[in-house]
2 protein chains.
Amino acid sequence: MARRGTTTTIADVARHAGVSPATVSRVMNDRFVGEPSVADRVRRSATELGYSPSPLARSLALGETHTVALLVPDIRNPAFQAILGGLTRAAARDGYRVLVADSAETPDDEPVLATELRRRCDSVVLCAPRMPEETLVELAATLGPVVLINRPSPSVSAPSLSIDYGAGITELAQHLYDQGHRTFVYLGGPERSVSNERRRRALDEFEATMPDVILHRISCGADTEDGRRVATLVRESGATAAIAFNDLVAIGLVDGLAAEGVRVPEHLSVTGFDDIPFARYTSPPLTTASVPYEELGMQAWQRLHALGRDEAPGDDVLLQPRVAIRGSTAAPGRRAGIGSGAAAETVGSS
Amino acid sequence: MARRGTTTTIADVARHAGVSPATVSRVMNDRFVGEPSVADRVRRSATELGYSPSPLARSLALGETHTVALLVPDIRNPAFQAILGGLTRAAARDGYRVLVADSAETPDDEPVLATELRRRCDSVVLCAPRMPEETLVELAATLGPVVLINRPSPSVSAPSLSIDYGAGITELAQHLYDQGHRTFVYLGGPERSVSNERRRRALDEFEATMPDVILHRISCGADTEDGRRVATLVRESGATAAIAFNDLVAIGLVDGLAAEGVRVPEHLSVTGFDDIPFARYTSPPLTTASVPYEELGMQAWQRLHALGRDEAPGDDVLLQPRVAIRGSTAAPGRRAGIGSGAAAETVGSS
DNA sequence: TACGCTCGTGAAAGCGGTTTCTCGCGCTGT
DNA sequence: ACAGCGCGAGAAACCGCTTTCACGAGCGTA
């Protein structure tokens with residue numbers, strides 16, 4: 001904030017133009033209906049004094065801030081950054097700004113963080129994968145306009161936008177199965193994460209459906225480092241294919257395996273999840289499920305914008321990942337053909 | 001904002017506790033000096049009514065918002081996301097939030113955007129690589145607390161944090177030279193970008209210093225797609241080493257070259273710049289100059305925080321990139337040895 | 001000519017806090 | 001016993017803008 005008395009206020013303009021603050025306000029907001037000459041005079045005074053209304057004061061008076069909050073567990077996660085990108089761009093088109101906050105992977109802080117953010121903003125995009133359901137229900141009720149990312153729930157009043165992780169992971173497993181794999185290992189994400197739960201359920205079902213499939217499970221994490229850490233465990237598991245919680249884990253795993261002399265996909269196939277921008281450029285390019293996170297961010301804004309104008313926000317949406325077959329998967333025990341480079345890619349729909 | 005009359009205000013608490021709003025305010029801000037029993041009563045009323053002060057009203061009254069703005073040309077750029085990450089985390093530690101905005105690569109919009117943001121925030125981190133110097137000087141003067149990213153300038157009153165792009169690119173060139181390359185091609189970034197200018201100057205000087213070096217220049221861009229687009233030009237240039245404006249361009253280039261059957265580094269060496277998190281996982285792992293963007297974000301906050309308390313913000317800083325030698329560079333015309341995997345890496349300092 | 005309308009504008013009451021200023025009270029000093 | 005002092009807490013002004021309400025002027029009509 002500028003030093004007190006430095007900024008020109010609406011009163012200054014009013015005085016300069018010889019009118020009342022009310023009139024200045026009306027002119028600035030195109031709500032003025034009187035003599036055009038008066039409006040002109042006000043406008044001239046405004047530009048002459050370099051006046052622009054204080055957004056803060058307007059927010060207080062109007063009860064709206066033209067700001068939307070985004071709360072995520074870790075802002076450095078590329079998936080959240082993609083959401084942020086989509087949200088920022090979409091909101092900007094309607095003259096809204098985005099306030100970001102990061103709970104530093106501490107679900108306990110999220111309710112108070114969210115409420116605090118909410119008071120600065122008109123609405124909030126909440127991404128709280130590890131928040132307990134009951135806390136979420138309570139929070140969503142008090143929060144007002146909010147959209148939930150990846151937390152579809154009939155008991156919550158807010159619209160939610162989610163990724164069909166189950167469908168994506170099933171399709172990945174099926175792809176591996178079709179290539180001849182029978183022994184899998186799943187590298188689980190954060191323990192209490194909803195999206196991890198979705199993936200696990202889908203894999204449980206896959207295992208139950210396919211009698212000849214063996215599925216090992218390793219509790220891992222969501223970061224590159226987590227993937228690297230479990231490389232040895234994966235190697236020793238006897239699996240021919242590893243299904244990683246996400247791309248970061250997969251990338252870390254591939255790297256960790258390389259350090260142990262295990263080649264991907266020659267010795268072991270690996271799949272990721274998310275299709276972060278660089279998944280296609282990794283070594284080898286990563287077979288993964290492509291998730292439209294930027295789209296998610298844009299749709300989130302669309303819902304909130306509707307909600308803010310008391311329109312119907314639209315139904316909950318379950319966005320379908322698209323599996324992208326790249327170089328990190330191959331038939332077990334078979335060497336990958338020479339020339340299977342970054343350019344080759346198949347995209348399947350689900 | 002909650003529906004009018006829904007939120008409990010300071011007046012409600014005052015009434016409930018049988019005191020004046022002034023007293024409530026003092027209690028809430030630990031400025032209360034009277035009878036402890038009164039303070040207790042107020043605190044009880046506050047929690048009972050679920051009261052929390054409106055940040056908006058406080059901001060208006062206090063003249064500070066506890067918010068800092070970040071303005072960048074494109075929020076989707078990983079470098080900016082890293083800065084955002086560092087800034088967000090550092091600011092959060094002091095109870096500040098970050099408001100993000102993206103000028104959509106439109107330098108003309110930046111001055112008005114920045115001023116608008118500034119009115120909502122206590123300070124702003126400005127990253128405007130393509131803004132004309134004179135505009136910047138003017139803007140920085142009116143903006144108040146601001147730190148400039150990558151725009152060191154004696155004529156601007158604001159502190160600046162920059163990357164020594166010249167040193168980084170020179171070191172990369174030198175590395176290539178040491179490996180035996182003599183014909184280079186530089187893939188230039190955005191035409192009017194300051195950081196591109198810095199790289200170009202350094203390469204001009206490098207060319208002048210090394211008599212046997214031939215340096216071609218291609219105007220390219222800053223994105224993966226730009227790199228892919230110029231792959232053919234690069235191949236036809238006759239250069240044995242390509243120095244890309246940044247990692248994204250390098251990655252795109254490598255991909256584009258692969259599509260034309262040109263192998264990296266066997267046929268052509270490629271360097272990037274930035275060392276985005278995935279540079280080490282590309283295929284092949286990218287030789288690049290590692291730039292501490294997250295650190296940049298944190299330092300930016302540190303300066304602004306100091307500035308906000310009328311402390312000396314500290315001197316301008318020129319952060320040194322560290323060149324990371326990876327798999328995308330090799331001696332010209334020599335095949336890379338088998339087994340040069342992602343794990344192998346040398347880090348040099350500058 | 002008087003009455004009632006509409007139209008253009010200003011006065012003032014919010015929005016929800018903070019802070020200065022003031023005032024009443026009880027305590028001390030002589 | 002009374003002036004003076006310090007302390008605890010409230011009244012009111014203020015931050016900068018919006019908006020309702022009121023008011024006076026000008027007009028048309030009876």
Side-chain angles (χ1 to χ4, degrees), chain A residues 1-43 45-46 49-67 115-116 118-122, chain B residues 1-43 45-46 49-66 116 118-122:
Chain A
M1 308 253 61
R3 205 176 269 79
R4 197 146 272 189
T6 289
T7 49
T8 71
T9 78
I10 199 172
D12 298 327
V13 178
R15 210 170 310 124
H16 187 273
V19 298
S20 79
T23 298
V24 177
S25 171
R26 286 191 266 254
V27 171
M28 298 302 288
N29 294 290
D30 291 328
R31 254 185 255 309
F32 185 79
V33 285
E35 296 244 338
S37 69
V38 175
D40 274 2
R41 193 146 37 92
V42 169
R43 261 187 277 273
S45 296
L49 298 178
Y51 168 74
S52 77
S54 152
L56 244 61
R58 296 198 77 221
S59 294
L60 184 59
L62 291 172
E64 63 175 37
T65 61
H66 276 86
T67 306
T115 7
E116 190 233 302
R118 174 61 179 80
R119 305 220 46 188
R120 288 194 174 290
C121 299
D122 298 339
Chain B
M1 309 252 53
R3 206 176 270 76
R4 198 147 271 190
T6 289
T7 50
T8 71
T9 77
I10 199 172
D12 298 328
V13 178
R15 211 172 308 125
H16 186 273
V19 297
S20 79
T23 299
V24 177
S25 170
R26 287 191 267 252
V27 170
M28 297 302 288
N29 294 291
D30 291 327
R31 254 185 257 306
F32 185 79
V33 285
E35 297 245 337
S37 69
V38 174
D40 275 1
R41 193 146 37 92
V42 168
R43 263 187 276 272
S45 296
L49 297 179
Y51 168 74
S52 78
S54 152
L56 244 61
R58 297 198 75 221
S59 293
L60 184 59
L62 291 171
E64 63 176 36
T65 61
H66 277 93
E116 189 231 303
R118 175 58 180 79
R119 305 223 43 192
R120 290 194 171 289
C121 299
D122 297 338

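Residue numbering restarts at 1 for every chain, and letters A, B, ... go by the order of the sequence lines. This structure is a prediction, so every number in the text was calculated from the model and none was measured.
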*Asks:* Kindly state each residue pair satisfying salt bridge (Lys or Arg N to Asp or Glu O under 4.0 Å) with at least one member in residues 23-35 of chain B, sequence neighbours excluded.
*Replies:* none
*Asks:* Once you round to the nearest 0.5 Å, how far does OG of A:Ser59 lie from CG of B:Leu60?
*Replies:* 9.5 Å
*Asks:* In this structure, how many angstroms lie between the C1' atom of C:dG10 and the CD atom of A:Glu35, rounded?
*Replies:* 15 Å
*Asks:* Please report the end-to-end axis angle for the helix from C:dT1-D:dA30 to C:dT30-D:dA1, five pairs per end, rounded to 10 degrees.
*Replies:* 60°
*Asks:* Check ring-ring contact (aromatic ring centres under 6.0 Å, His included) between B:His16 and all other residues, then give those that pass, not counting sequence neighbours.
*Replies:* none
*Asks:* The criterion is side-chain hydrogen bond (donor to acceptor under 3.5 Å, both in side chains); which residues satisfy it with A:Ser52, sequence neighbours excluded?
*Replies:* B:Arg119
*Asks:* Heavy atoms only: give me the nearest B:Thr23-B:Phe32 pair and the separation to one decimal.
*Replies:* CG2-CE1, 3.6 Å
*Asks:* Please report the interatomic distance SG(B:Cys121) to CD(B:Glu64), rounded to the nearest 0.5 Å.
*Replies:* 12.5 Å
*Asks:* D:dC14 P sits how many Å from B:Ile10 CD1, rounded?
*Replies:* 19 Å
*Asks:* To the nearest 0.5 Å, how far apart are OG1 in B:Thr65 and CZ in B:Arg118?
*Replies:* 8.0 Å
*Asks:* For the pair made of CG in A:Leu60 and P in D:dC14, what is the distance, rounded to whole Å?
*Replies:* 17 Å
*Asks:* Using the salt bridge (Lys or Arg N to Asp or Glu O under 4.0 Å) rule, collect all pairs that involve residues 52-61 of chain A, keeping only residues at least two apart or in two chains.
*Replies:* none
*Asks:* Side chain of A:Ser20 only, heavy atoms from C-beta on: which candidate in C:dG17, C:dG10, D:dC17 is closest?
*Replies:* C:dG10
*Asks:* Among D:dC17, D:dT19, C:dG16, which is the nearest nucleotide to the side chain of A:Tyr51?
*Replies:* D:dC17
*Asks:* Could you work out, with side chain to side chain contact (heavy atoms under 4.5 Å, CB included) as the rule, every residue matching A:Ala17, not counting sequence neighbours?
*Replies:* A:Val19, A:Arg41, A:Val42, A:Ser45
*Asks:* Taking only the side-chain heavy atoms of A:Arg119 (C-beta and beyond), determine which of C:dT19, C:dG17, D:dG16 contains the nearest atom.
*Replies:* C:dG17
*Asks:* Taking only side-chain nitrogens and oxygens of A:Arg58, does any of them come within less than 4.0 Å of OP1 or OP2 of D:dT18?
*Replies:* yes
*Asks:* Give me the residues of residues 22-33 of chain A where at least one heavy atom lies under 4.0 Å from an atom of DNA chain D, by number, or none.
*Replies:* A:Ala22, A:Ser25, A:Arg26, A:Asn29, A:Arg31
*Asks:* Is the closest side-chain heavy-atom distance between A:Thr67 and A:Arg120 below 4.5 Å?
*Replies:* no
*Asks:* Identify the pairs formed between an N or O of the protein and an N or O of nucleotides 24-26 of chain D at a distance under 3.5 Å, and give each distance.
*Replies:*
none

*Asks:* Using whole Å, report how far CD of B:Glu64 lies from P of C:dG17.
*Replies:* 16 Å
*Asks:* Could you tell me how far apart B:Leu62 (CG) and D:dC14 (P) are, to the nearest whole angstrom?
*Replies:* 17 Å
*Asks:* Just jot down the salt bridge (Lys or Arg N to Asp or Glu O under 4.0 Å) partners of B:Asp12, sequence neighbours excluded, or say none.
*Replies:* B:Arg15
*Asks:* Could you tell me how far apart A:Arg41 (CZ) and C:dG8 (P) are, to the nearest whole angstrom?
*Replies:* 15 Å
*Asks:* Just the rounded figure in Å: distance from P of C:dT18 to CG of A:Leu56.
*Replies:* 14 Å
